[in-house]
Amino acid sequence: MLTTEVVSFEGGILNVVDVPFRKCECDTIIALGDGVIVDGYKGLLEKNGIIGAITVSFDKLKERFGPMDFIRPHLQS
């Protein structure tokens with residue numbers, strides 16, 4: 001199943017469409033690695049001063065980024 005993750009960031013709103021999820025009782029759960037990509041992209045938008053409502057396909061994000069792209073910089077500091 002697919003869902004849309006809507007995340008507020010400093011300057012706007014990020015809508016990531018077609019994120020895979022599973023239903024667990026009363027919650028919608030996305031995979032940890034997928035959440036890292038969404039949150040990392042949100043941070044990238046903030047870092048670069050992007051403002052407005054951004055909509056992006058999760059498949060397009062996964063073509064460009066993996067979870068380690070956002071984790072690795074924190075491991076090196």
Side-chain angles (χ1 to χ4, degrees):
M1 297 194 290
L2 302 174
T3 188
T4 298
E5 282 292 302
V6 179
V7 183
S8 296
F9 67 95
E10 187 176 319
I13 295 175
L14 171 62
N15 297 295
V16 183
V17 297
D18 298 334
V19 180
F21 79 98
R22 65 184 169 97
K23 193 76 170 164
C24 181
E25 293 182 24
C26 63
D27 248 349
T28 298
I29 301 174
I30 66 172
L32 179 62
D34 295 349
V36 169
I37 292 172
V38 171
D39 195 53
Y41 190 67
K42 176 192 81 150
L44 194 62
L45 294 172
E46 289 174 338
K47 179 181 174 184
N48 289 298
I50 306 299
I51 59 171
I54 309 297
T55 301
V56 63
S57 162
F58 185 70
D59 287 337
K60 290 294 182 184
L61 283 181
K62 282 185 73 170
E63 284 177 13
R64 179 98 193 248
F65 303 105
M68 288 307 292
D69 292 322
F70 301 110
I71 295 171
R72 190 174 294 111
H74 296 287
L75 297 175
Q76 296 173 349
S77 52

Practice prompt. List for me each residue that meets side chain to side chain contact (heavy atoms under 4.5 Å, CB included) alongside Ile29, sequence neighbours excluded, and say none if there are none.
Written response: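 Once residues adjacent in sequence are excluded, the partners of Ile29 under the side chain to side chain contact (heavy atoms under 4.5 Å, CB included) criterion are Arg22, Cys24, Asp27.
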
Report the distance from atom [atom1] of [X] to atom [atom2] of [Y], rounding to the nearest 0.5 Å.
| X | Y | atom1 | atom2 | result |
| --- | --- | --- | --- | --- |
| Tyr41 | Leu61 | OH | CG | 6.0 Å |
| Asn15 | Glu5 | CG | CD | 10.0 Å |
| Phe58 | Ile37 | CZ | CD1 | 4.5 Å |
| Arg64 | Asp69 | CZ | CG | 9.5 Å |
| Asp59 | Asp18 | CG | CG | 6.5 Å |
| Leu14 | Thr55 | CG | OG1 | 8.0 Å |

Taking [atom1] in [X] as the centre, count heavy atoms belonging to other residues, nucleotides or ligands within less than 6.0 Å. Is the count above 12?
| X | atom1 | answer |
| --- | --- | --- |
| Leu2 | CG | yes |
| Lys47 | NZ | no |
| Ile51 | CD1 | no |

When you group the ILVMFWY residues by side-chain heavy-atom contacts below 4.5 Å and let the links chain together, are [Y] and [X] in the same group?
| X | Y | value |
| --- | --- | --- |
| Ile71 | Val7 | yes |
| Met68 | Ile30 | yes |
| Leu45 | Val6 | no |
| Phe65 | Leu32 | no |
| Leu44 | Ile50 | yes |

Worksheet item: Hey, does the side chain of Glu46 reach the backbone of Glu10 with a donor-acceptor pair shorter than 3.5 angstrom?
Response: yes

Discussion item. Closer than 4.0 angstrom, basic N to acidic O: yes or no for Asp39 and Lys42?
Written reply: yes

Item to complete: Could you pull out the closest heavy-atom pair between Gly33 and Pro67, with the gap in Å?
Response: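 Closest heavy-atom pair between Gly33 and Pro67: O-CG, 3.6 Å.
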
Practice prompt. Would you indicate whether the side-chain heavy atoms of Asp34 and Phe21 approach each other to under 4.5 Å?
Written response: no

